Amino acid sequence: MNSPHEIARKLPIPRGPRNSKTLENKVVVITGAGSGMGREMALIAARQGALLAVSDWNEQGLAETVDLLKAAGARELRSDVVDVADRAAVAALAEAVVEQFGRVNMVVNNAGVTVTGDFEEMSYEDFDWIVGVNFMGVVNGTKEFLPHLIASGDGALVNISSLFGLISMPGQTAYNATKYAVRGFSEALREEMLINGHEVTVTCVHPGGIKTGIARNGRKTASQDAESIDSFFEKKLARMTAEKAAQIIIKGALAGKARVLVGVDAHALHHFAKLTGSRYQDVVARLAPRTMPARKR
């Protein structure tokens, strides 16, 4: 009987977009493109000659991205204000993109939000909100665009998880739940693409601390000091620029990598958790109260 490793070696490895060193003439769809990594990935794609469909639920941020993309010489561009948690809206987006461009070569499910605070004081409303955007947004984007990625014959699906999709942290129960879900979903889907012989790569991305507005724009539970949390994230944790993160992500996606770790912190903490097993949770529980911002008094 063949071992799992022997079986894996015999499986065909799906290719990334043809001429995988560039996005020249590829139709690229990016959600959450109104700021941060989404905006920077769109700019990279534009400079490489891609045809772009960008979306965000923040109309002003999206308009700013569109101006930057035009200045960067985007060949062809459409933009849509879309809440990725709205399944009908995502379905309409996919239909409109295919109608305009005729195909889809890469989809980056990037839109994401945060809710910080202990689960015991978190509302169902906040939990449903983050699940709707972070996980169901990825599901919706994948479901609606996957047939077109398959039809292209050289599709690439990129789902943004997080370092917190590899390890768990206190105060991040909801965020952890969604990012672990994105990881499991993406890895299983990649296996299905391999088994079914579809020329679609599936890349799951795990960024560490990136200089974006995700923490400041997120929600916090009542006991959390929002300004302290935002300042802590921006000054202590967010070490890498969104531009550098976007470069790493696009490079990994074009190479068809199954997993992309972004940042020294992502690599270090991932390997720490692998070495220590479940005991890493005990270490985190001891260290977190000493390093995390104090709660409201």
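Nothing here was measured: the structure is a model prediction, and the numbers come from that model.
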Considering residues at least two apart in sequence or located in another chain, which fulfil the side-chain hydrogen bond (donor to acceptor under 3.5 Å, both in side chains) criterion with E144?
none

Once side-chain hydrogen bond (donor to acceptor under 3.5 Å, both in side chains) is applied, do any residues pair with N159, and if so which ones, sequence neighbours excluded?
N109, S186

Can you tell me how far the [atom1] atom of [X] sits from the [atom2] atom of [Y], to the nearest 0.5 Å?
| X | Y | atom1 | atom2 | result |
| --- | --- | --- | --- | --- |
| L157 | M106 | CG | CE | 9.5 Å |
| E125 | I130 | CD | CD1 | 13.0 Å |
| I249 | L254 | CD1 | CG | 12.0 Å |
| E76 | L69 | CD | CG | 13.0 Å |

Keeping the roles fixed (side chain from T65, backbone from A33), state whether a donor-acceptor pair exists under 3.5 Å.
yes

Pairs where [range] contributes a residue and the test salt bridge (charged side-chain N to carboxylate O under 4.0 Å, His left out) is met, not counting sequence neighbours:
| range | value |
| --- | --- |
| residues 242-270 | E187-R259 |
| residues 49-66 | R39-E64 |
| residues 91-113 | none |
| residues 273-283 | R279-D282 |

For [X], check side-chain contact (heavy atoms from CB on, under 4.5 Å) against everything at least two apart and list the hits.
| X | answer |
| --- | --- |
| A111 | T31, V84 |
| S161 | K179, V182, R183, C204, H206 |
| Y280 | I167, S168, Y180, F272, A273, T276, V284 |
| F127 | F119, M122, V131, A174, A177 |

Return the set of residues passing salt bridge (Lys or Arg N to Asp or Glu O under 4.0 Å) with D83 (not counting sequence neighbours), or none when no residue passes.
none

Salt bridge (Lys or Arg N to Asp or Glu O under 4.0 Å) filter on R87, not counting sequence neighbours, yields none

Looking at side-chain heavy atoms only, is the closest gap between L51 and K26 below 4.5 Å?
no

Is it the case that over 12 heavy atoms from other parts of the model lie below 6.0 angstrom from the CD atom of Q60?
no

Indicate the ring-plane relationship of H271 and H267, choosing parallel, tilted or perpendicular according to the 30° and 60° boundaries.
parallel

For the residue pair F135 and F185, categorise the inter-ring angle as parallel (less than 30°), tilted (30 to 60°) or perpendicular (more than 60°).
perpendicular

If every non-hydrogen atom of R190 is compared with every non-hydrogen atom of A258, which pair is closest and at what distance?
NE-CB, 3.4 Å

